[in-house]
Amino acid sequence: MTEKSMTEKSMTEKTRRRPRLSVVQDSSGAPRVMVVGAGWRFTSGISYYTCRLTNAIAEVAPTSTLLMRQLVPTALYPGRKRVGEQVNDLEYGPSVHVFDGLDWFWGPSMRKARRYMDEQRPQVMILQWWTGAVLHSYLRLARLAKRSGCKVIIEWHEVQDTGEARIPGVTRYVTKAMKALLNMVDGHVVHSEYDLNLLRRTYFLPDELVTIAAHGPYDHHRQADAAPASATIGSVLSAVQPPVEIEDPKDFVLLYFGVVRPYKGVEDLVAAFDLLPAEVRDRTRLMLVGETWEGWTAPREAVAASPNRDRIEVVDRYVTDSEVSAYFATADAVVLPYRRSSSSGPLHIAMSSGLPVVVSRVGGLVEAAGGYEGTFFVDPEDPAGLAAVLAELPATRGHRYTDPHSWDNTVVAYGELLRRIGAATWAPAVEVGSSHPVHNHSTARHYAS
C-alpha cells in the first residue's frame, strides 16, 4: 500500500465517556495550533503520541499537524524492513488538517510544507522532540513560524536518542544546533521532574517557560479490539499473524512489549524467569514481543540458552495495532525491566489496560507509574530481585486497576503554558463529554506532499 493510499483511507470514530475540556468552536478564541511530529511511514511510539496529542488539542482549538515523513534514508533506519507498511489503526480526528509530510532531504516537500503553513496560519507550533534527525527541519520550520509571529513550543521526550548518541559527532551537532533552535522557542513541555533536571544539565530552560505534563493514556488499544472477558488465550492469539500458541490457557502470562534495545533490559527478564521457583515457572509463560534494534541480540541469545525456552515466546517484529490489543488482552501482567528510560509507551498501554505492571525504578518512569496502584517497582539490572516480584504476581491474576492519567491534564497544562508565554489560550473549564481516539477510517483532511 502506498503512502498516499494510506492517508486517503476513510475512518470510523469510536468514543467513550469521560470528563473533557469544553470545546472551543470559535477560532477567534483559542489559538490555531500546529503539532509537528512523527508520521506513520516510520511508525514509532512518537507517531502515536503525536496523533493522540493532536486529537486531544483538537477538542479545544483549531488544530493541524505537520508530519515528518521520510525521517532518514530507509537503509539507515533500524526498522527498515517495515518502512511504509501500515501497522496503525489509530488516525487523526475529522477536524484535524494533516500534512504528510516533510522529508529529511526537503526537496519539494519543504516548499509544500511552507505553503501548508501559509494556509493554516498557526499561532502556536508544538515541536515533538525525540531525534536529531529532525533538527535541521525544525530549525527551518521554527524560523518560518517566528516570521509570522507564531509561538513555538518544544515537547521533550528525551534529551537525545541513545542510539544516536553513540554515533561519532552526532551529540556535538545536536547540542550546538539545538541551542540555535532554543533561541526561537517560547516554551517547553516535559513529562517529569526527572526529564527537566536531565535537560537542564545541557540546556537553559527558565522556570517560567516550562510546564510538566504527564504522558497521556494509551487507551486506544483497549478500545479498538479488546478481547471479550470470556476469550481464552488461544482463541485471541490465534488471530495474531503468525498465530501464537499457548499450551495451557491456565498459564499465567507475563508480557514484555516494545522495541528491543540495549537499555531495555530484556535479557534481565529472561534471567529472572529462569530464577523463578519451579512451581511458579511451570505455570507461567513469558512473551517477548518487539522488534530488535541496533543489532541487540543478547535477549535472543538468553532465550536460546535458557533451560525454560519452551515456556518463552519471541515475536521479533513491529506488530500491528490489532495484534497489540490481542497481546495485552491475554496478558496477566506486563514486565518492563528497563535499565534507563525517560518515558515508555508500553507502560501507558499497560496502565490503560488496567494490568499489573512491573517496571524498573529508573528515570521518568518513577513519576509516570508512581500514581498507578498496579505498579510493582524493581531495581534495574537485578534479575534476582525481579524474580522475587514476578513470583508474587500470580496472586494478582484478574485484578484490574484504574489509570490515573488523562489527556485533559495535558491540555490544561498546555493552556496554562500558553497563558504564561503571552499567547491566546483555551478555557480550562471541564465538562462531561466524549474523547476522540480515532481509529481507521476517518474523514481527516490530508495534504499529501
Side-chain angles (χ1 to χ4, degrees), residues 18-21 35-38 43-60 65 88 90 126-131 153-162 187-199 205 210-223 257-259 263-264 321 324 328 334 336 338 340-355 357-375 377 401-417 435-437:
R18 71 164 171 83
R20 71 170 177 88
L21 294 164
V35 181
V36 181
T43 300
S44 68
I46 306 299
S47 306
Y48 290 92
Y49 189 92
T50 301
C51 186
R52 288 305 305 266
L53 175 69
T54 301
N55 286 348
I57 294 177
E59 294 191 25
V60 298
T65 185
N88 60 294
L90 184 69
I126 301 172
L127 303 173
Q128 300 298 304
W129 173 255
W130 80 104
T131 171
I153 294 172
I154 290 185
E155 180 164 356
W156 299 83
H157 293 271
E158 57 185 332
V159 178
Q160 185 175 359
D161 179 81
T162 56
H188 306 265
V189 174
V190 297
H191 296 157
S192 66
E193 288 279 0
Y194 172 85
D195 283 352
L196 179 56
N197 292 333
L198 192 62
L199 282 164
L205 277 64
V210 178
T211 192
I212 296 176
H215 193 301
Y218 274 0
D219 50 1
H220 48 279
H221 290 295
R222 185 188 62 192
Q223 290 177 307
F257 178 80
V259 173
Y263 71 87
K264 295 295 186 79
D321 278 3
V324 174
F328 278 85
V334 175
L336 304 171
Y338 300 162
R340 61 155 295 276
S341 184
S342 287
S343 62
S344 167
L347 170 63
H348 287 278
I349 301 174
M351 292 190 290
S352 290
S353 301
L355 291 167
V357 57
V358 180
V359 62
S360 300
R361 193 181 288 104
V362 295
L365 303 187
V366 177
E367 294 170 62
Y372 182 62
E373 293 183 358
T375 299
F377 282 114
Y401 307 90
T402 300
D403 187 353
H405 298 88
S406 167
W407 288 105
D408 285 341
N409 295 337
T410 302
V411 175
V412 168
Y414 262 102
E416 172 57 22
L417 178 62
S435 69
H436 301 275

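A side-chain contact (heavy atoms from CB on, under 4.5 Å) with Phe257 holds for exactly one of Val324, Leu347, Leu336, Val334; it is Val324.
One distance of note links OG1 of Thr375 with CE of Met351; it measures 6.5 Å at 0.5 Å rounding.
In terms of heavy-atom proximity, Tyr372 sits nearest to Pro404 at CD1-CD, 3.9 Å. Here the closest non-hydrogen pair linking Tyr218 and Gly45 is OH-O, 3.4 Å. What you find for Ser352 and Asp403 is that their closest heavy atoms are OG-OD2, 3.1 Å. Shortest non-hydrogen contact noted between Ala214 and His405 is CB-CD2, 4.0 Å.
Side-chain contact between His221 and His348: absent, with no pair of heavy atoms (C-beta onward) separated by less than 4.5 Å. The shortest side-chain heavy-atom distance between Ile349 and Phe328 falls under the 4.5 Å cut-off. Asp195 places none of its side-chain heavy atoms less than 4.5 Å from the side chain of Glu158. The shortest side-chain heavy-atom distance between Thr65 and Thr50 falls under the 4.5 Å cut-off. For the pair Glu193/Ile212, a side-chain contact is recorded, criterion being any heavy-atom separation below 4.5 Å from C-beta on. Between Leu53 and Tyr414 there is a side-chain heavy-atom pair separated by less than 4.5 Å. Two residues are said to be in side-chain contact when any heavy atoms from C-beta on lie closer than 4.5 Å; Trp156 and Leu205 meet this criterion. With a 4.5 Å cut-off on side-chain heavy atoms, Phe377 and Val358 do not count as touching.
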* **Evaluation steps, side chain to side chain contact (heavy atoms under 4.5 Å, CB included), between Ile126 and Ile57** => CA-CA 11 Å; Ile126 301 172; Ile57 294 177; 3.7 Å; yes

* Could you walk me through whether Leu365 and Tyr194 pass the side chain to side chain contact (heavy atoms under 4.5 Å, CB included) check? -> CA-CA 9 Å; Leu365 303 187; Tyr194 172 85; over 6 Å; no

* Asked: Where do Gln128 and Val35 land on the side chain to side chain contact (heavy atoms under 4.5 Å, CB included) test, with the steps shown first?
  -> CA-CA 8 Å; Gln128 300 298 304; Val35 181; 4.2 Å; yes

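Ser406 places a side-chain N or O within 3.5 Å of a backbone atom of Asp408 that can act as its donor or acceptor partner. Under a 3.5 Å cut-off, the side chain of Trp129 and the backbone N or O of His157 do not form any donor-acceptor pair.
Every residue was checked against the ring-ring contact (aromatic ring centres under 6.0 Å, His included) condition with Tyr338, not counting sequence neighbours, and none meets it. Shown here are the salt bridge (charged side-chain N to carboxylate O under 4.0 Å, His left out) partners of Glu416, two or more places apart in sequence or in another chain: Arg419, Arg420. For Tyr49, the side-chain hydrogen bond (donor to acceptor under 3.5 Å, both in side chains) partners two or more places apart in sequence, or in a different chain, are Glu155, His191.
Note on ring orientation: taking the six-membered ring where Trp is involved, the planes of His220 and Tyr48 are parallel (angle under 30°, cut-offs 30° and 60°).
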